[in-house]
**Q** 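The structure is given below, and queries will be raised subsequently.
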Amino acid sequence: MAKDKLTAKQQQILSFLQEFIQEYGIPPTVREIQRSLGLSSTSVVDYNLKQLEEKGYITRNKNISRGISLPFKKVEENVTTIPVVGVIAAGSPIEVPEDLSDPAVWADTIEVNNSLLNLKSDGLFALRVKGHSMVDALIDDGDLIIMRHANTAENGETVAVWLEKEKATTLKKFYHEGDRIRLQPANITMQPIYVSPDDIQIQGKLVAVIRQISK
DNA sequence: GGTAAAATCAAATCGAACGT
DNA sequence: ACGTTCGATTTGATTTTACC
């Protein structure tokens, strides 16, 4: 696996590093990191920096002040990093977090080589599918779906929809029929849901499906 | 058999000293 | 001023033990 998991603290340090370098052009000192995280010892910072270094997130120059550097952007030019923000399932309540830029809400991320998918990278997020309501659209339990943020949809598009009454998000095909909306499961055994446009909020459109067949 | 309490072990943190 | 190291301490998770 490409990515080792980071602890919350390491995430904090990493994003602080990124912001600091972004702002001042130079990396912060150990003590500045310490202060910003409210720690009482620099050794904690050192400890976590070592962890980060081992996992390949940073590089450190020994003997030099401000010797931390980020190995040029984990995200290389031809790779798009997409946050996996949660699980989507017909019927059960799932929040799609608003602030996708906050790493804290990411369950995980996936990296997709741009040559595999013809994508604009902005507004993308991914969800793990739970349930079988979309089997006839080649989406089944356990699949990873890549979505793009959107507030509107055309008829026939597959969208993630927030159902105001159920307080849930679900994946369905979208059809606007007169003054109501039909949310059609792509599963012959399941019935469509009819809702008023006021009761739903479109979260995003389906962009791609990733299915793992075996390990 | 099931579980709460106790023991154990590793990871994380601290505070201070030391090195450049 | 800044980075590094080290022993002691705390915290958290895991395993073992003891008891009903």
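It should be emphasised that the depicted structure is a prediction, and the values quoted were computed from it without experimental measurement. Just so it is clear: chains get the letters A, B, ... in the order the sequence lines come, proteins before strands, and each one is counted from 1.
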**Q** Does B:dT13 have OP1 or OP2 under 4.0 Å away from a side-chain N or O of A:Asn48?
**A** yes

**Q** Can you tell me how far P of B:dT13 sits from CD1 of A:Ile33, to the nearest Å?
**A** 14 Å

**Q** Rounded to whole Å, how long is the line connecting atom CG of A:Asp46 with atom C1' of B:dA16?
**A** 15 Å

**Q** Go through C:dT5, B:dT13, C:dC2 for me and flag the one nearest to the A:Thr42 side chain.
**A** C:dT5

**Q** Could you tell me if the side chain of A:Val207 sits less than 4.5 Å from the side chain of A:Leu124, heavy atoms only?
**A** yes

**Q** Which is true for A:Ser43 with a 4.0 Å heavy-atom rule: it touches a base, it touches only sugar-phosphate, or it touches nothing?
**A** base

**Q** Does a distance-only test, which skips hydrogens and angles, find a donor-acceptor pair under 3.5 Å between the side chain of A:Ser40 and the base of B:dT13?
**A** no

**Q** Which of these nucleotides, B:dT13, C:dT5, C:dG3, is closest to any side-chain atom of A:Val44?
**A** B:dT13

**Q** Can you find a donor-acceptor N/O pair under 3.5 angstrom joining the side chain of A:Ser41 to the base of B:dG15?
**A** yes

**Q** Where the side chain of A:Lys50 is defined as all heavy atoms beyond and including C-beta, which of C:dC2, C:dT5, B:dC14 is the nearest nucleotide?
**A** C:dT5

**Q** Rounded to whole angstrom units, what separation is found between the CZ atom of A:Arg31 and the P atom of C:dA1?
**A** 9 Å

**Q** A:Gln34 CD to B:dC14 P: how many Å, rounded?
**A** 9 Å

**Q** Does a side-chain heavy-atom distance below 4.5 Å link A:Leu163 with A:Val161?
**A** yes

**Q** Is A:Glu177 close to A:Tyr194 at the side-chain level, that is, under 4.5 Å between some pair of heavy atoms?
**A** yes

**Q** Do A:Leu206 and A:Ile139 come within less than 4.5 Å of each other through their side chains, counting heavy atoms only?
**A** yes

